Amino acid sequence: MRDNSGIGRRRFFTTAAALGGTAAVGGALAGQAAAAPRQAAPAVGFAPVTVTSADAQYAELVHGMNHRYVGRPEAVQIVDDVSQVASVVQAAVTAGKRLTVRSGGHCLEDFVFNPDVQVVLDLSQLNNVYYDAERRAFAVETGAQLLDVYTLLYQVYGVTVPGGICYSVAAGGHVSGGGWGLLCRQLGLIIDYLCAVEVVVVGADGKVRTVVATNEPGDPNRELWWAHAGGGGGNFGVVTRYWFRTPGATGTDPKKLLPKPPREVYLVAQSWPWESMTEAKFSRLVQNYARWFTAHSAPGAPELALASFLVLTHESSGQIAMVTQVDATAPNARQMLDGYLAAIGDGVGVQTGAVTRRFAEFGPMAMYAEPRKLPWLEATRYLGTTNTNLTDPTFRQEYKSAYMRGTFPGRQLAALYKHLTRTDVTLPGASITLSSYGGEVNRVAPAATGYPHRESFFKLMWMSLWNDDAEDAAYIAWNRECYAEVYADTGGVPVPNGVTDGCYVNYPDNDLNDPKYNTSSTPWYSLYYKGNYPRLQQVKKKYDPTDFFRHAQSVRLP
């Protein structure tokens, strides 16, 4: 079905299967005899499958990870090959049907599943990962899950792409929004290795075509590549696959065309009991984190070998938690880790302990109270799958985000403490996660890709997870009230300035559109895209002139 990949048709593989040579991986690497696992016969593909409400599996296909949003489309179209996508899109265009696209189902808002959608194009089976010798790059189809991508790239070729933590997030929306992961400080973002993208687009005449856009200076479709390097999903067309290669890499040896991850990492998870926290101690802890990453995030700094996320849970959950990973092969890695942990705890006056309770999306990590050295892929697999958000299929969710360019003003710290210690509500599923950033991410100019947040040192994610719809009002209200008070000085949102730097498009938040919650003069699209938005609009005009691909926060036509 493809003349340069040697890929087997189905790619559902576990790490053990990847080593053992199942059809999933064994067929994927037929052209690399020296490195490849033994090959098995490729599985048989299928033609596009139409699922309607009359089918038993329909209910499983009309929602994503966030159970607050369940659709009622006339049909879900499941495809198995990139060649099938255009015909499904053309049929929807011809019939005048509203179509949205699902790759991994991790969209946190109602962009895919909402009452207006009539056809959902499900790309979850479009999940090949292979080396494309013709392009000298690794191809990743849009439905490929991140852990599968990491497993194949590393176990066979010893390379990786610096993508996200969550194992089942698919490439489609993750890459188009810029991505984030624990290697980003050291290696940059996944989009910084994106050299080409294949997109099914709809012209002004209603005709569907497939376009491959590259980062080559002379490519007439280069702007479409630029837009997909962080310009958000669901805006311009249907991404069917991405190609990745290190900028400037030469030769044809696939082992030298992407970066190598650390051979080993140190991993440690520590907690601070809420019962021992005062406002002063809390503020010192949070500000220590902000100060460390503000001071140690310049491109090229040795401290880029360290990444960490601090999870500020609601007091009712019992513990504040922090997870830290360090490249164990970096010079003085253990001393760096010990110095970091000491700096975060400096002046707090609260003894750290093991993480024995769930925190945000992660389960307990008691065995990592002291640093442990692990192979990189093993640590990646552990963090990716120790995630109740991904393993509990009933969660309802609410998110908000902010990038930080500096330390916290005192008033923001006071607002965080106030809402995390509120006693009028019991919300163990509410949290705010601070995630390290900067470093090699910031080496790239804000206008070089569609992703503009190249001057930040860490970011924040408001996350609320709960199971019962009776708790919707309490959790949503807490998120809104906390966020609004933290950013009260800038209209309830993190307006780009010397301290904050807007919002992350992969944590979409429809409240940013609403003047009730965003009282600033900065619209939602400037919070996500800053000065890149007018250029994104021009790409929209050229490749989706009828606004066929749209949702509540899609790029608008100029």
Side-chain angles (χ1 to χ4, degrees), residues 1 9-12 43-128 141-145 168-173 176 198-203 205-210 232-241 393-394 508 510 543-544 546-554:
M1 302 188 74
R9 280 310 309 152
R10 287 275 53 86
R11 290 73 53 189
F12 302 116
V44 177
F46 54 83
V49 171
T50 301
V51 177
T52 71
S53 59
D55 296 302
Q57 69 269 40
Y58 177 83
E60 298 287 339
L61 297 171
V62 295
H63 66 81
M65 186 179 68
N66 189 349
H67 265 250
R68 287 176 60 199
Y69 306 115
V70 179
R72 291 292 301 175
E74 297 171 8
V76 177
Q77 297 282 346
I78 307 175
V79 298
D80 180 56
D81 191 85
V82 295
S83 64
Q84 300 168 355
V85 174
S87 62
V88 174
V89 176
Q90 186 66 72
V93 173
T94 302
K97 301 290 187 182
R98 174 79 182 279
L99 177 143
T100 56
V101 183
R102 177 186 191 263
S103 55
H106 287 260
C107 181
L108 303 176
E109 277 286 4
D110 64 347
F111 298 170
V112 178
F113 302 106
N114 66 59
D116 296 332
V117 173
Q118 296 160 296
V119 179
V120 172
L121 174 54
D122 189 311
L123 305 179
S124 58
Q125 304 307 310
L126 204 62
N127 52 16
N128 273 314
E141 292 181 351
T142 194
Q145 295 185 353
S168 60
V169 167
S176 61
E198 182 179 68
V199 192
V200 174
V201 299
V202 179
D205 58 359
K207 298 293 180 62
V208 172
R209 61 192 176 102
T210 301
N235 287 322
F236 313 102
V238 181
V239 175
T240 52
R241 53 186 158 181
T394 67
N510 281 342
Y543 291 97
D544 187 25
T546 67
D547 199 26
F548 181 78
F549 299 101
R550 63 191 186 276
H551 53 72
Q553 291 185 329
S554 57

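One is the number of the first residue; the rest follow in order along the sequence. Only a predicted model underlies this, so the values are computations on that prediction, with no experimental measurement involved.
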Student: For the pair Gln90 (side chain) and Val208 (backbone), establish whether a donor and an acceptor sit closer than 3.5 Å, ignoring hydrogens and angles.
Tutor: yes
Student: On a heavy-atom basis, which atom in Leu61 and which in Phe113 lie closest, and how many Å separate them?
Tutor: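 Taking every non-hydrogen atom into account, O-CE2, 3.5 Å.
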Student: Using the salt bridge (charged side-chain N to carboxylate O under 4.0 Å, His left out) criterion, which residues pair with Lys97? Sequence neighbours excluded.
Tutor: Glu74
Student: Identify the heavy atoms of Glu141 and Asn127 that sit nearest to each other, and give their distance.
Tutor: OE1-N, 3.2 Å
Student: Does CD belonging to Gln57 count more than 12 external heavy atoms closer than 6.0 Å?
Tutor: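 It does: Gln57 CD has more than 12 such atoms within range.
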Student: Between the main-chain N or O of Asp80 and the side-chain N or O of Gln84, is there a donor-acceptor pair closer than 3.5 Å?
Tutor: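 Judged by distance alone, yes, a pair lies under 3.5 Å.
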Student: So, Arg98 side chain and Pro73 main chain: donor-acceptor pair closer than 3.5 Å or not?
Tutor: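 No; judged by distance alone, with no hydrogens or angles, the pair does not exist.
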Student: Identify the heavy atoms of Phe548 and Ala92 that sit nearest to each other, and give their distance.
Tutor: CZ-CB, 4.1 Å
Student: Which pairs with one or both residues in residues 61-73 pass salt bridge (Lys or Arg N to Asp or Glu O under 4.0 Å), sequence neighbours excluded?
Tutor: Arg68-Glu398
Student: Not counting sequence neighbours, which residues clear salt bridge (charged side-chain N to carboxylate O under 4.0 Å, His left out) with Asp547? List them please.
Tutor: Lys540
Student: Given Phe549 and Val89, is the side-chain contact (heavy atoms from CB on, under 4.5 Å) satisfied, shown in steps?
Tutor: CA-CA 10 Å; Phe549 299 101; Val89 176; 4.1 Å; yes
Student: Which residue pairs pass the side-chain hydrogen bond (donor to acceptor under 3.5 Å, both in side chains) test with at least one member in residues 45-56, sequence neighbours excluded?
Tutor: Thr50-Gln77
Student: Main chain of Gly173, side chain of Ser176: is a donor-acceptor contact present, judged purely on distance under 3.5 Å?
Tutor: yes
Student: Any side-chain heavy atom of Val51 within less than 4.5 Å of one from Val62?
Tutor: no
Student: Under 3.5 Å, side chain of Asn66 to main-chain N/O of Leu108, donor-acceptor pair present?
Tutor: yes
Student: Of all heavy-atom pairs between Gly232 and Asn235, which one has the smallest distance, and what is that distance?
Tutor: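 In this case the closest contact between Gly232 and Asn235 is O-ND2, 3.3 Å.
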Student: Side-chain atoms of residues 99-107: list all donor-acceptor pairs with protein atoms under 3.5 Å, sequence neighbours left out, distances to 0.1 Å.
Tutor:
unit_1 : atom_1 : unit_2 : atom_2 : d
Thr100 : OG1    : Val112 : O      : 2.8
Arg102 : NH1    : Asp122 : OD2    : 3.4
His106 : NE2    : Ser168 : O      : 3.1
His106 : NE2    : Ser168 : OG     : 3.1

Student: Under the rule for salt bridge (charged side-chain N to carboxylate O under 4.0 Å, His left out), what residues qualify as partners of Glu109, not counting sequence neighbours?
Tutor: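 Expected list: none.
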Student: Any side-chain to backbone donor/acceptor pair from Gln125 onto Asp81? Under 3.5 Å, distance only.
Tutor: no
